Number of protein chains: 2
Amino acid sequence: MKVKEHLKYASEFHLPNIAVNTVIFSFHKKRLNVLLLKFADTPHFMLPGGLVMKDEDIDDAAMRNLKDRTDLENIYLEQFYTTGKAKYNSEDIVNVFSKQLGDKMVENWLNQRFIRICYYALVDEDKLKPTTKDLFVNEHKWVDAFEHPKLLFNHNIIVEKAILKLQDDLDKKLVEIGENLMSETFTMGELQKLYEAVFQREFTRTNFQRKMLSLNILERLEKKYSGKSHKAPYLYRFKDIQ
Amino acid sequence: MKVKEHLKYASEFHLPNIAVNTVIFSFHKKRLNVLLLKFADTPHFMLPGGLVMKDEDIDDAAMRNLKDRTDLENIYLEQFYTTGKAKYNSEDIVNVFSKQLGDKMVENWLNQRFIRICYYALVDEDKLKPTTKDLFVNEHKWVDAFEHPKLLFNHNIIVEKAILKLQDDLDKKLVEIGENLMSETFTMGELQKLYEAVFQREFTRTNFQRKMLSLNILERLEKKYSGKSHKAPYLYRFKDIQ
DNA sequence: ACAAAAGTGTTCATAATACACCCATGT
DNA sequence: ACATGGGTGTATTATGAACACTTTTGT
């Protein structure tokens, strides 16, 4: 049985009771999105995650997992939280999994206790090829980070904590986050849209521009002619050396 | 053999590969201190830590550990980081432990891989009775948080991350942190000393006072006569309801 | 000419800083 | 009286928000 083999493999080479979960963010069409995975044939969604190998750093485990999932390398990753409730699997989750795995499997595997080390990642939605190596996943979707549906396990809370951390980080590490969520060059308007998507509020255009320029991290390039009937905005990129 | 029994006990009731570590802060004589434990008969110090029981939330594990260590309850605890290098035990650490435990024990126990979930705690140094239930610890000391000596494992890095988190939290959660690091009533000067200890910089007295009062979280009480030859300062305490 | 979006300037309010000044207290 | 630490006022400087005005572009 394929599932059985999979689980046996898991128990042999991986640490027990420990998982990494990743909230994968993208910035697309003015929105901050997160990647959700559909569990098997159920209508339920969850966050990508995986186990940690016995001889593997946890950061590497998160990165490997992300590579398996998105086929992207050198992704921006930030750890933000570890959750470890002794019992969090509610009735309905157990039921969902029972149907897929059989009761015995649930008892042996799902009901084992997991400590989840949580990361968030920043990716370019367009570059992502959805690879589905995972046995239990054959579908994924991007959803608005602020309107995620009810997820399996305690994943909703994890998404909310990830958003808070991202908000906190955006000011502190603007260059890194910007470079990973935006294309290499961008207009001031696009950068403002990123801020508005992350903080879920509007900024005054004129003041936002001045604020960003005063940080001295942007390099002004040529103008961008969009073919639209209005003044062409400058393109910017983040300065190389800080 | 006592050590052997101890380790057997640990492996039966606790999760393998997982530990909690706590950086215990106190504010004493104008200084931010951390509690260090001396490992057995060696001259080496380390942070308090312990294992997680199989049916125990990680937050509870940290709290239980703290209770065992300090005999204090309802302590302010904040998780801030999880570290999980696959191999971090350097030669010198292994040597230290070999002498204490014997080579075989080291191989079986110390050399096992640990994922460390890190918390910081805030306590009142004076209320702390050092209980040493731990088999390997019979001495503790408070040291300046910014001048901690070389510690076993990767604990120095953990202390530094704890300080950064505490600094970040002090502004955000001043009431909670203040209530846990200071006595119930305090003068403005004492509060300023706390800030100066945490941020390792000086603040202008007059402006600091105004800043704190403008936050509207302090309640002014009677004056405090210290017997010293100068104007008696007001006492303050944090307002109950926010 | 006009609409739409971008860039710049100016004003006003608020917050941060520096520092002068006076106040209480015990020796 | 004076040294010491505490409290308040005030002037100056940054910082932030609001908004008017000008510029550029394609239709």
Side-chain angles (χ1 to χ4, degrees), chain A residues 27 29-31 167-168 170-172 174 178 182-239, chain B residues 27-31 167-168 170-172 174-175 178 182-239:
Chain A
F27 174 60
K29 296 191 180 156
K30 307 184 190 173
R31 267 183 21 193
Q167 289 176 337
D168 215 54
L170 184 54
D171 276 325
K172 293 180 186 166
L174 175 54
M182 319 242 311
S183 50
E184 209 200 320
T185 63
F186 48 87
T187 66
M188 196 57 83
E190 284 162 355
L191 185 58
Q192 185 176 339
K193 296 277 190 308
L194 173 63
Y195 264 80
E196 295 181 335
V198 169
F199 287 108
Q200 292 285 291
R201 66 179 203 89
E202 297 194 340
F203 292 83
T204 312
R205 180 182 60 86
T206 54
N207 296 329
F208 181 84
Q209 161 129 325
R210 218 187 324 267
K211 180 75 186 304
M212 286 300 128
L213 291 178
S214 76
L215 295 176
N216 225 36
I217 54 170
L218 293 178
E219 189 177 345
R220 183 177 276 187
L221 308 171
E222 74 279 14
K223 291 186 173 185
K224 180 191 177 189
Y225 291 85
S226 61
K228 300 277 175 59
S229 65
H230 56 74
K231 188 171 177 179
Y234 288 105
L235 283 174
Y236 295 89
R237 58 186 215 85
F238 293 105
K239 282 185 190 169
Chain B
F27 174 61
H28 197 66
K29 296 189 179 156
K30 308 185 191 174
R31 266 183 22 193
Q167 289 176 338
D168 214 53
L170 184 54
D171 276 325
K172 292 181 186 167
L174 174 54
V175 177
M182 320 243 309
S183 51
E184 209 200 321
T185 63
F186 47 86
T187 66
M188 197 56 82
E190 285 162 356
L191 185 58
Q192 185 177 339
K193 295 277 190 307
L194 173 62
Y195 263 81
E196 295 181 334
V198 170
F199 287 109
Q200 292 285 291
R201 55 168 282 239
E202 297 192 341
F203 292 84
T204 313
R205 180 181 61 86
T206 53
N207 296 328
F208 180 84
Q209 162 129 324
R210 218 188 323 269
K211 180 75 188 300
M212 286 300 129
L213 291 178
S214 77
L215 295 176
N216 227 37
I217 54 170
L218 293 178
E219 190 177 344
R220 182 176 278 185
L221 307 171
E222 73 280 14
K223 290 186 173 187
K224 180 191 177 189
Y225 291 86
S226 61
K228 301 275 178 59
S229 64
H230 56 74
K231 189 173 177 178
Y234 288 105
L235 282 174
Y236 295 90
R237 58 185 214 85
F238 293 105
K239 282 185 190 169

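Lettering of chains follows the sequences in order, A, B, ..., and the numbering in each one begins at 1. The structure presented is a predicted model; accordingly, all values stated were derived computationally and were not measured.
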* Value in whole Å for how far the P atom of D/dG5 lies from CZ of B/Phe208 -> 17 Å

* Distance in angstrom units between A/Phe203 CZ and C/dA5 P, rounded -> 20 Å

* Asked: Taking CG from B/Leu215 and P from C/dA16, how many angstroms apart are they, rounded to a whole number?
  -> 9 Å

* Would you say A/Gln209 reaches C/dA6's phosphate, i.e. side-chain N/O to OP1/OP2 under 4.0 Å? -> no

* Minimum heavy-atom distance B/Phe27-B/Ala197, with the two atoms named -> CE1-CB, 3.7 Å

* To do: Enter the inter-axis angle for the ends of the helix from C/dA1-D/dT27 to C/dT27-D/dA1 (five pairs per end, rounded to 10°).
  => 20°

* **Partner set under side-chain contact (heavy atoms from CB on, under 4.5 Å) for B/Arg220, not counting sequence neighbours** => B/Gln209, B/Leu213, B/Tyr234, B/Tyr236

* May I have the distance from A/Leu221 (atom CG) to C/dG7 (atom C1'), rounded to whole angstrom? => 16 Å

Which atom pairs link the protein and nucleotides 22-24 of chain D when you take only N or O atoms and keep those under 3.5 Å?
residue, atom, partner, partner atom, Å
D/dT24, O2, A/Lys231, N, 2.6

* Quick one: does A/Phe199's side chain get under 4.5 Å of A/Leu170's, heavy atoms only? -> yes

* Could you give the distance from OG1 (A/Thr185) to CD (A/Glu222), rounded to the nearest 0.5 Å? -> 7.0 Å

* Roughly how far apart are B/Leu235 CG and B/Met188 CE, rounded to 0.5 Å? -> 11.0 Å

* Asked: In whole angstrom, what separates A/Met212's CE from C/dG7's P?
  -> 14 Å

* Identify, with sequence neighbours excluded, every residue that meets salt bridge (charged side-chain N to carboxylate O under 4.0 Å, His left out) alongside B/Glu184. => B/Arg237

* May I have the distance from A/Leu213 (atom CG) to C/dT8 (atom C1'), rounded to whole angstrom? => 11 Å

* Of the non-hydrogen atoms in B/Leu218 and B/Met212, which two are nearest, and what is the gap between them? -> CD1-CB, 4.0 Å

* To do: Please report, rounded to the nearest Å, how far the C1' atom of C/dA6 is from the CD atom of A/Glu222.
  => 16 Å

* Could you run down nucleotides 11-19 of chain D 5' to 3' and tag each one B, S or - for protein heavy-atom contact under 4.0 Å? -> ------BBB

* Asked: Between A/Phe208 and A/Tyr195, what is the ring plane arrangement, given parallel below 30°, perpendicular above 60°, and tilted in between?
  -> perpendicular

* Check the surroundings of atom NZ in A/Lys172: do more than 12 heavy atoms from other residues, nucleotides or ligands lie under 6.0 Å from it? => yes

* Asked: Residues in side-chain contact (heavy atoms from CB on, under 4.5 Å) with A/Ser183, at least two apart?
  -> none

* Asked: A/Met188 CE to C/dG7 C1': how many Å, rounded?
  -> 10 Å

* **No-H, no-angle donor-acceptor pair, B/Arg205 side chain to D/dG5 base, under 3.5 Å** => no

* To do: Determine, stepwise, if the pair B/Lys239 / B/Asn216 fulfils side-chain contact (heavy atoms from CB on, under 4.5 Å).
  => CA-CA 8 Å; B/Lys239 282 185 190 169; B/Asn216 227 37; 3.8 Å; yes

